[in-house]
Amino acid sequence: MKIASFNINGIKARIMALTDWLSAAEADVVVLQEIKSIDEAFPRAHFEDLGWNVETHGQKGFNGVAILSKLPIEDVMRGLPGDESDEQARYIEATVVGDKAVRIAGLYLPNGNPVPGPKYDYKLAWMERLRIRSAELLASEMPVVMLGDYNVIPETRDAATPKKWEDDALFLPQSRAAMRAIQWQGWSDAIRLRDPWSTRGPFTFWDFQGGAWSKDDGIRIDHMLLSPQAADLLVETGVDREARAAEKPSDHVPVWLRLAA
DNA sequence: ATGGTCGGTGCCCGA
């Protein structure tokens with residue numbers, strides 16, 4: 001089972017780039033972030049005609065997440081538990097059934113800038129809610145893949161120019177500590193497993209501004225965390241870096257993994 | 001040296 005995550009930065013603008021990537025990547029399950037669309041406006045039929053089951057959790061203008069799956073989707077949960085008043089569409093969870101059932105959590109963690117301020121407070125509060133949910137997912141003892149745009153640069157080696165990010169919500173010590181508090185519950189960082197001693201990257205995001213792509217001035221903020229039961233099934237992982245050079249690219253590239261499931 | 005990029009929306013905000 002091939003599982004991928006792609007922050008597409010607008011489904012309307014990216015429908016062709018996404019469709020092209022989907023046909024080349026041959027994934028079974030794809031979580032999307034920043035669809036920037038309400039559920040009713042998502043081009044559901046376009047993807048259903050290509051053989052995808054589609055579950056969305058959208059809102060007007062910003063944010064929005066979705067799951068596309070060639071496999072049956074069960075037990076969909078929309079929204080991150082822990083705050084009934086939170087109206088931002090950033091979390092979707094579902095079970096996909098291949099040879100084995102795998103619980104998929106697709107997330108778009110808040111950016112948090114500027115710091116300090118209410119947006120950073122919201123980011124940290126959201127991460128605390130995610131920490132509570134991720135503990136519940138581990139306790140299920142299912143194979144779980146929790147993946148998406150975490151908006152956290154975990155380590156210095158995850159940024160080409162770390163100095164630039166020193167005061168940024170993506171790299172502040174508190175953000176990184178909150179990320180570690182989740183990971184150290186017992187999750188495996190799938191991308192890092194491929195090349196554990198890498199001193200640079202791999203990157204998953206290059207800003208549209210300042211020619212970041214041409215300078216390879218990237219960061220690693222899209223992550224795939226595996227429960228022990230999922231890590232036991234891991235056979236391959238990758239970052240589709242070349243997608244950043246496509247026509248009308250997103251600022252993120254897809255990340256993916258393959259499970260023996 | 002300076003200002004620089006997108007997408008979605010609606011004449012600006014979020015990233």
Side-chain angles (χ1 to χ4, degrees), chain A residues 5-21 31-44 46-47 56-66 79-80 86-91 106-127 130 147-154 158-172 174-176 178-179 203-223 240-255:
Chain A
S5 171
F6 195 176
N7 180 324
I8 54 171
N9 193 1
I11 186 62
K12 293 179 196 75
R14 218 69 67 203
I15 185 162
M16 285 325 297
L18 175 60
T19 302
D20 291 345
W21 174 78
V31 298
L32 303 174
Q33 302 88 40
E34 286 203 84
I35 63 173
K36 296 189 177 180
S37 164
I38 57 174
D39 294 334
E40 295 73 24
F42 190 88
R44 161 183 293 273
H46 169 82
F47 294 104
T56 60
H57 179 42
Q59 70 177 89
K60 189 179 168 71
F62 310 104
N63 306 324
V65 290
L80 181 64
D86 184 2
E87 292 182 345
Q88 299 195 33
R90 297 178 171 277
Y91 189 86
L107 63 95
Y108 175 47
L109 206 146
N111 175 293
N113 284 302
V115 184
K119 291 188 176 176
Y120 194 55
D121 297 342
Y122 174 69
K123 177 178 192 143
L124 293 177
W126 203 94
M127 293 184 82
L130 182 63
L147 75 171
D149 178 359
Y150 280 72
N151 268 317
V152 175
I153 303 166
D158 294 312
T161 49
K163 201 155 196 60
K164 208 163 94 167
W165 299 93
E166 262 172 7
D167 301 318
D168 193 285
L170 276 60
F171 194 52
L172 282 173
Q174 260 187 295
S175 309
R176 297 162 61 191
M179 180 84 194
F203 305 132
T204 66
F205 169 93
W206 296 260
D207 203 302
F208 286 127
Q209 298 186 62
W213 169 245
S214 62
K215 291 185 277 194
D216 194 24
D217 187 6
I219 52 177
R220 186 172 77 102
I221 54 174
D222 299 271
H223 305 296
D240 284 348
R241 182 185 160 92
E242 65 280 3
R244 190 62 177 79
E247 277 300 305
K248 291 255 292 171
S250 170
D251 40 8
H252 294 252
V253 295
V255 299

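Naming: A, B, ... by sequence-line order, numbering from 1 per chain. Scope of the values below: all heavy atoms of this structure, side chains included, with no hydrogens, waters or symmetry mates.
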Give the rounded distance in Å between these two atoms: [atom1] of [X] and [atom2] of [N].
X      : N      : atom1 : atom2 : value
A:E40  : B:dG8  : CD    : P     : 17 Å
A:N7   : B:dG14 : CG    : C1'   : 12 Å
A:Q59  : B:dA15 : CD    : P     : 10 Å
A:Q209 : B:dC13 : CD    : P     : 16 Å
A:H252 : B:dT5  : NE2   : P     : 18 Å
A:K36  : B:dG14 : NZ    : P     : 12 Å
A:I8   : B:dC6  : CD1   : C1'   : 14 Å
A:E34  : B:dG7  : CD    : P     : 11 Å

Exercise for review: Start with the C-alpha distance between A:D222 and A:S5, add both sets of side-chain angles, then the distance that settles side chain to side chain donor-acceptor pair (under 3.5 Å), and finish with yes or no.
Suggested key: CA-CA 8 Å; A:D222 299 271; A:S5 171; 5.0 Å; no
Exercise for review: Mind checking A:R90 for me? I need base, sugar-phosphate or nothing, with any heavy atom below 4.0 Å counting as a touch.
Suggested key: sugar-phosphate
Check your understanding: Checking all strands, does A:Y108 fall into the base, sugar-phosphate, or nothing category for heavy-atom contacts under 4.0 angstrom?
Key -> sugar-phosphate
Exercise for review: Identify whether the distance between the nearest side-chain nitrogen and carboxylate oxygen of A:R244 and A:D251 falls below 4.0 Å.
Suggested key: no
In whole angstrom, give me the gap between the [atom1] atoms of [N] and [M].
N     : M      : atom1 : result
B:dT9 : B:dG14 : P     : 14 Å
B:dG4 : B:dA15 : C1'   : 15 Å
B:dG7 : B:dG3  : P     : 24 Å

Check your understanding: For residues A:E34 and A:N7, is any side-chain donor paired with an opposing acceptor at under 3.5 Å?
Key -> yes
Study note, to complete from the structure: Nearest-nucleotide check on DNA chain B, A:I35 vs A:Q88; residue mapping nearer the 5' end is A:I35
Study note, to complete from the structure: On DNA chain B, more 5' by nearest nucleotide between A:D207 and A:I11 is A:D207
Practice item. State which residues pass side chain to side chain donor-acceptor pair (under 3.5 Å) with A:D167; sequence neighbours excluded, sorted by chain then number. Key: none
**Study point:** OP1 or OP2 of B:dG8 under 4.0 Å from side-chain N/O of A:K60
**Key:** no
Exercise for review: State whether A:K248 places a side-chain N or O below 4.0 Å from either non-bridging phosphate oxygen (OP1 or OP2) of B:dG7.
Suggested key: yes
Check your understanding: If you draw the axis of the six-membered ring of A:F203, does the NZ or CZ of A:R241 fall within 45° of it and under 6.0 Å from the ring centre?
Key -> no
